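If you're wondering where the values come from, they're calculated on a predicted model, not measured in any experiment.
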Amino acid sequence: HPEVAHTPQGKEILRHFIFDICGCHADWTPGAFVETAIREIQARVGEARVLCALSGGVDSMVAATLIGRAIGERLTCVFIDHGLLRAHEAEEVMELTRDLQLKLIAVNAREEFLEKLRGVIDPERKRKLIGAEFVNQFDGVARSLGNFEFLAQGTLYPDVIESAHASGTSQNIKTHHNVGGLPTTLPFKLLEPLRVLFKDEVRAVGRELGLPARVVMRQPFPGPGLAVRIIGEVTEERLEILRAADAIVRAEIGAAALDFEVWQYFCVLTPIQTVGVMGDGRTYENVLAVRAVTSKDGMTADWARLPHDLLARLSARIVNQVRGINRVVYDITSKPPGTIEWE
């Protein structure tokens, strides 16, 4: 597997095969992609209207900006607050879309999503339920606003590959809510202009479109949100615990000026409970895992060698400030064999 980030000379092996043996040329540029994508969007959409699923991440922001350049006012973006976001994330997304002058409708669907997830433990079922409810919410918005023929998404090639839609021989790793998690009776035609790109290419396209660094370099966040960072049942109580711990991790890594150097960092709330000592008393509370990885495109990743003093601060703050956690562990598994997210 020369494509794996931590394989010695892996890139050189691939480069030799592609250019020296196959005779290919490296003529792809972000500018050429933007021009081609705009023409293709215009040809496919015609005079129809497009509803764009906007999460606030770089993928959906780039997709929305690209489609907006192609069809203008016939694009309407929809942000679904499914109650599975990080602390203050909804407010950040609203601010970003205002800055980019995108027409946006915000929908509060927290109760609906949490009700769908009640009692659900299996991660594949979580993803499929969330994907189906997303479509249900978008369908409701479309009906209230008139006819929309297309639903646009920021789907990338890794989503397609891991959901086993790349070829007949690929194996399902996990169902992405925006690919295999969608229902078969979709009431829209899908518009996915980034479907053949990897994350580093999407960021290059974002820079070509003139998007600010805080959008382009925004770290990946899964569409199902914190639902796939809670092992086991998703409840409001467990969401609040995870949000509080996640806010500490993000603040400390930001304070250490590592937020743009580390590809992705987050917490996972496990269902494992351990004995601890707080003051003079015994505790029996949850184990929290901290995960940080380095990567180029998300297809492969290596665990980030965070400084030990930073890990010590994370652990101390989380255990002392977040009620419900009495032990913190650090995940040192690369991808492969692990995936970046735990579910």
**Message:** According to a hydrophobic-cluster definition based on side-chain heavy atoms being under 4.5 Å apart (Ile, Leu, Val, Met, Phe, Trp, Tyr only), do I38 and L190 belong together?
**Reply:** yes
**S60 side chain vs S55 backbone, donor-acceptor pair below 3.5 Å** = yes
**Complete:** Output for pair (K128 NZ, D122 CG), nearest 0.5 Å, gives 9.0 Å
**Asked** Does the distance from a Lys or Arg side-chain N to an Asp or Glu carboxylate O, for R218 and E89, drop under 4.0 Å?
**Response** yes
**Request:** With R195 as the cation and Y157 as the aromatic partner, state whether NZ or CZ is under 6.0 Å from the six-membered ring centre and within 45° of the axis.
**Result:** no
**Message:** I'd like to know if R317 and E252 make a salt bridge, using a cut-off of under 4.0 Å between side-chain N and carboxylate O.
**Reply:** yes
**Asked** F266 ring centre to R291 NZ or CZ under 6.0 Å, with the angle to the axis within 45°?
**Response** no
**Ring-ring centroid check F188 F150, cutoff 6.0 Å** = no
**Message:** Counting neighbours of NZ on K116 that are heavy atoms of other residues, nucleotides or ligands and sit closer than 6.0 Å, is the number greater than 12?
**Reply:** no
**Item:** From CA spacing to verdict: side-chain hydrogen bond (donor to acceptor under 3.5 Å, both in side chains), T274, R327
**Value:** CA-CA 7 Å; T274 65; R327 192 179 299 269; 3.0 Å; yes
**Asked** What are the two closest non-hydrogen atoms of P307 and L258, and how far apart are they?
**Response** CD-CD1, 3.9 Å
**Item:** hydrophobic_cluster_shared for I121 and V234, side chain cutoff 4.5 Å
**Value:** no
**Request:** Report, as yes or no, whether the 6.0 Å neighbourhood of atom CD on E237 holds more than 12 heavy atoms from other residues, nucleotides or ligands.
**Result:** no
**Prompt:** Is a side-chain N or O of R229 found less than 3.5 angstrom from the main chain of W342, in a donor-acceptor match?
**Reply:** no
**Request:** May I ask you to say whether D259 pairs ionically with R250, meaning some side-chain N is under 4.0 Å from a carboxylate O?
**Result:** no
**Request:** Begin with the C-alpha distance, continue with both residues' side-chain angles, and end with the deciding distance and a verdict on side chain to side chain contact (heavy atoms under 4.5 Å, CB included) for L151 and V50.
**Result:** CA-CA 6 Å; L151 172 64; V50 176; over 6 Å; no
**CD (E236) with more than 12 external heavy atoms under 6.0 Å** = yes
**Message:** On a heavy-atom basis, which atom in P158 and which in M299 lie closest, and how many Å separate them?
**Reply:** CB-SD, 3.4 Å
**Message:** Can you tell me how far apart CG (L306) and OG1 (T294) are? Round to the nearest 0.5 Å.
**Reply:** 10.0 Å
**Prompt:** With a 4.0 Å cut-off, would you call R323 and E240 a salt bridge?
**Reply:** no
**Fill in**
Residues I67 and I41: closest non-hydrogen pair is CG1-CD1, 3.9 Å
**Message:** Does R125 have more than 12 heavy atoms from other residues, nucleotides or ligands lying within 6.0 Å of its CZ?
**Reply:** no
**Prompt:** Going only through I, L, V, M, F, W and Y residues with side-chain contacts under 4.5 Å, is there a path from I253 to F260?
**Reply:** yes
**Donor-acceptor contact below 3.5 Å, side chain E233 vs main chain G119** = yes
**Message:** In the structure I gave you, are the side-chain heavy atoms of F148 and T76 within less than 4.5 Å of one another anywhere?
**Reply:** yes
**Prompt:** Can you tell me how far the SG atom of C267 sits from the CG atom of D246, to the nearest 0.5 Å?
**Reply:** 5.0 Å
**Heavy-atom closest pair, residues T300 and P336** = CG2-CD, 4.4 Å
**Message:** Can you tell whether the side chains of R214 and E95 come within less than 4.0 Å, N to carboxylate O?
**Reply:** yes
**Prompt:** Would you say E73 has more than 12 foreign heavy atoms packed within less than 6.0 Å of its CD?
**Reply:** no
**Asked** Is the side chain of S315 donor-acceptor paired with the backbone N or O of A312 at a distance under 3.5 Å, no angle test?
**Response** no
**Fill in**
d(L14 CG, T7 OG1) to nearest 0.5 Å is 9.0 Å
**Asked** Under 3.5 Å, is there a donor-acceptor pair between the side chain of T283 and the main chain of M278?
**Response** no
**Request:** Kindly check if the number of other-residue, nucleotide or ligand heavy atoms within 6.0 Å of CZ (F17) is above 12?
**Result:** no
**Request:** Return the orientation label for the Y330 and W303 ring planes: parallel under 30°, perpendicular over 60°, tilted otherwise.
**Result:** perpendicular
**Complete:** Tightest non-hydrogen contact, residues A64 and C77, listed as CB-SG, 3.9 Å
**Asked** So if you build clusters from Ile, Leu, Val, Met, Phe, Trp, Tyr with side-chain heavy-atom gaps below 4.5 Å, do V196 and I18 land together?
**Response** no
**Request:** Indicate the atoms forming the closest heavy-atom contact of L310 with A256, along with that distance.
**Result:** CD2-CB, 4.3 Å
**Message:** Does Q219 form a side-chain hydrogen bond (donor to acceptor under 3.5 Å, both in side chains) with Q264? I'd like the steps, not just the answer.
**Reply:** CA-CA 6 Å; Q219 72 164 263; Q264 198 170 358; 4.9 Å; no
**Request:** Take the angle between the ring planes of F113 and H82 and call it parallel below 30°, perpendicular above 60°, tilted in between.
**Result:** perpendicular
**Message:** Any side-chain to backbone donor/acceptor pair from D159 onto L156? Under 3.5 Å, distance only.
**Reply:** yes
**Prompt:** Does the distance from a Lys or Arg side-chain N to an Asp or Glu carboxylate O, for E343 and K126, drop under 4.0 Å?
**Reply:** yes
**Prompt:** So, does R86 use its side chain to make a donor-acceptor pair with the main chain of L226 at under 3.5 Å?
**Reply:** no
**Request:** Keeping the roles fixed (side chain from R243, backbone from H88), state whether a donor-acceptor pair exists under 3.5 Å.
**Result:** no
**Request:** Flag yes if I241 and V228 sit in one hydrophobic cluster, no otherwise; membership is Ile, Leu, Val, Met, Phe, Trp, Tyr, and two members link when side-chain heavy atoms are under 4.5 Å apart.
**Result:** no
**Message:** One pair to check against salt bridge (charged side-chain N to carboxylate O under 4.0 Å, His left out): K335 and D302. What are the steps and the verdict?
**Reply:** CA-CA 6 Å; K335 175 186 179 180; D302 197 11; over 6 Å; no
**CG on L191 to CD on E149, rounded to 0.5 Å** = 10.5 Å
**Prompt:** So do D81 and V107 actually touch side chain to side chain, heavy atoms under 4.5 Å?
**Reply:** no
**Asked** Would you say T36's side chain and F33's backbone share a donor-acceptor pair under 3.5 angstrom?
**Response** no
**Message:** Between R203 and V216 (side chain of the first, backbone of the second, donor and acceptor by atom type, cut-off under 3.5 Å), is there such a pair?
**Reply:** yes
**Prompt:** Taking atom CG of L75 and atom SG of C52, what is their separation to the nearest 0.5 Å?
**Reply:** 5.5 Å
